[in-house]
Amino acid sequence: MLRSIKRFKEFDKVTEFRLWNSLFVAFGMELLVPIIISLKGLYMATWIISAFMIANTLAVKANNYIVNKYSLDSMYKMGIFIHLGFILISSIYFFNPVIMIWLDSTLAIIETALFSSYSIALNNYLTDNYPNDMKDFQIVRNSSWADSSMLGALLITGLTAISLGVGVISFIVYNTIFSLWLMKNWNFYKDIEYIKE
């Protein structure tokens with residue numbers, strides 16, 4: 001993992017920022033996904049789970065609209081609100097896990113549409129401005145994503161062995177810290193001249 005992180009600085013500032021965010025997201029997803037899978041199995045019928053899976057797949061169809069309508073700056077800021085939404089929704093677990101899982105599954109559809117579009121826009125940025133870096137970027141991103149996911153999975157395995165609630169708390173704490181990092185960089189894309197509304 002450290003080898004991949006050291007390579008982040010080989011890229012331009014936008015791609016380096018993207019790699020850091022990807023690393024953090026991979027870790028955070030592993031803290032939440034096993035919990036969501038467990039809760040869906042407890043509180044949702046199979047056909048409902050399948051319906052949400054279909055909706056998530058269809059959400060990708062919004063890519064063309066989102067990529068053409070919104071700048072990277074706008075997508076990034078919308079993404080911060082989605083992260084904050086997941087924090088609020090996860091907190092509902094302690095009051096009503098059924099409502100939590102329904103809200104989480106619904107927000108995940110919006111997340112899929114937005115973040116897949118954000119990824120496309122960042123790929124377009126990289127290929128337009130630094131086409132020779134694309135191959136190395138994909139290798140570094142996949143490697144760091146795998147390492148970070150593994151660490152998150154190991155942590156959540158131990159925490160959920162204690163209780164599901166402890167796992168939820170760990171996600172809330174982690175995603176709060178990550179959201180603060182994102183907000184600290186609120187205007188990151190605004191200073192990049194060739195990314196405009």
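Just so you know, residue 1 is the first one in the sequence shown, and it goes up from there. Just the heavy atoms: all of them, side chains too, but no hydrogens, waters or symmetry mates, feed the values below.
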Side chains of [X] and [Y]: closer than 4.5 Å at any heavy-atom pair?
| X | Y | result |
| --- | --- | --- |
| Phe137 | Arg18 | yes |
| Leu122 | Tyr118 | yes |
| Ile82 | Met78 | no |
| Trp145 | Leu23 | no |
| Leu32 | Asp104 | yes |
| Met29 | Ser149 | no |
| Pro97 | Tyr43 | yes |
| Tyr125 | Tyr130 | yes |

field: Check against side chain to side chain contact (heavy atoms under 4.5 Å, CB included), Asp133 and Leu126
entry: CA-CA 7 Å; Asp133 288 348; Leu126 186 58; 4.1 Å; yes

Hey, can you pull the donor-acceptor pairs under 3.5 Å for the side chains in residues 84-93, sequence neighbours left out?
from: Ser90; atom 1: OG; to: Phe86; atom 2: O; distance (Å): 2.7
from: Ser91; atom 1: OG; to: Ile87; atom 2: O; distance (Å): 2.9

Show the nearest heavy-atom pair for residues [X] and [Y], with the distance to one decimal.
| X | Y | answer |
| --- | --- | --- |
| Phe27 | Leu155 | CZ-CD2, 3.7 Å |
| Leu72 | Ala121 | CD2-CB, 3.6 Å |
| Asp73 | Trp186 | OD1-O, 4.0 Å |
| Ile101 | Ser105 | O-OG, 2.8 Å |
| Asn21 | Phe178 | OD1-CE1, 3.8 Å |

Proximity of Phe115 and His83 rings by center, below 6.0 Å: yes

- prompt: Under the side chain to side chain contact (heavy atoms under 4.5 Å, CB included) criterion, do Leu164 and Leu39 qualify, and how do the steps go?
  reply: CA-CA 10 Å; Leu164 213 58; Leu39 292 175; 3.7 Å; yes

Could you go through residues 60-68 and list every donor-acceptor pair under 3.5 Å that involves a side-chain atom there, pairing it with any protein atom two or more places apart or in another chain?
from: Asn63; atom 1: ND2; to: Ala113; atom 2: O; distance (Å): 3.4
from: Asn63; atom 1: ND2; to: Ser116; atom 2: OG; distance (Å): 2.8
from: Asn63; atom 1: ND2; to: Ser117; atom 2: OG; distance (Å): 2.8
from: Asn64; atom 1: OD1; to: Asn68; atom 2: ND2; distance (Å): 2.9
from: Asn68; atom 1: ND2; to: Asn64; atom 2: O; distance (Å): 2.8

message: I'd like to know if the side chain of Ser143 pairs up with that of Arg7 as donor and acceptor (distance under 3.5 Å, no hydrogens or angles considered).
response: no

- request: Scan side-chain atoms only and decide if Asp12 and Thr15 contain a donor-acceptor pair under the 3.5 Å cut-off.
  value: yes

task: Would you sort out whether Met183 and Leu180 count as a side chain to side chain contact (heavy atoms under 4.5 Å, CB included), showing the intermediate values?
output: CA-CA 5 Å; Met183 286 187 280; Leu180 289 171; 3.8 Å; yes

Kindly write out the residues that satisfy side-chain contact (heavy atoms from CB on, under 4.5 Å) with [X], not counting sequence neighbours, or none if the list is empty.
| X | value |
| --- | --- |
| Thr157 | none |
| Gln138 | Met134, Arg141 |
| Ile139 | Lys135 |
| Asn187 | Lys77, Lys190 |

- line: Output for pair (Met100 CE, Asn96 CG), nearest 0.5 Å, gives 11.0 Å

query: What pairs with Glu16 under side chain to side chain donor-acceptor pair (under 3.5 Å), at least two apart in sequence or on another chain?
result: none

- prompt: Under the side chain to side chain donor-acceptor pair (under 3.5 Å) test, which residues partner Tyr174, sequence neighbours left out?
  reply: none

task: Sequence neighbours left out, what passes ring-ring contact (aromatic ring centres under 6.0 Å, His included) with Phe188? Give chain and number order.
output: Phe17

query: Considering residues at least two apart in sequence or located in another chain, which fulfil the salt bridge (charged side-chain N to carboxylate O under 4.0 Å, His left out) criterion with Lys184?
result: none

Could you list the donor-acceptor pairs under 3.5 angstrom formed between side-chain atoms of residues 47-58 and any protein atom two or more places apart in sequence or on another chain?
from: Ser50; atom 1: OG; to: Thr46; atom 2: O; distance (Å): 3.1
from: Asn56; atom 1: OD1; to: Thr112; atom 2: OG1; distance (Å): 2.8
from: Asn56; atom 1: ND2; to: Phe52; atom 2: O; distance (Å): 3.1
from: Thr57; atom 1: OG1; to: Met53; atom 2: O; distance (Å): 3.0

message: Running the 4.5 Å side-chain criterion over Ile, Leu, Val, Met, Phe, Trp and Tyr, what cluster does Met150 land in, apart from itself?
response: Leu154

task: Apply the test side chain to side chain contact (heavy atoms under 4.5 Å, CB included) to residues Ile172 and Phe94: give CA-CA distance (whole Å), side-chain angles for both, the deciding distance (0.1 Å), then the verdict.
output: CA-CA 12 Å; Ile172 292 169; Phe94 299 100; 4.2 Å; yes

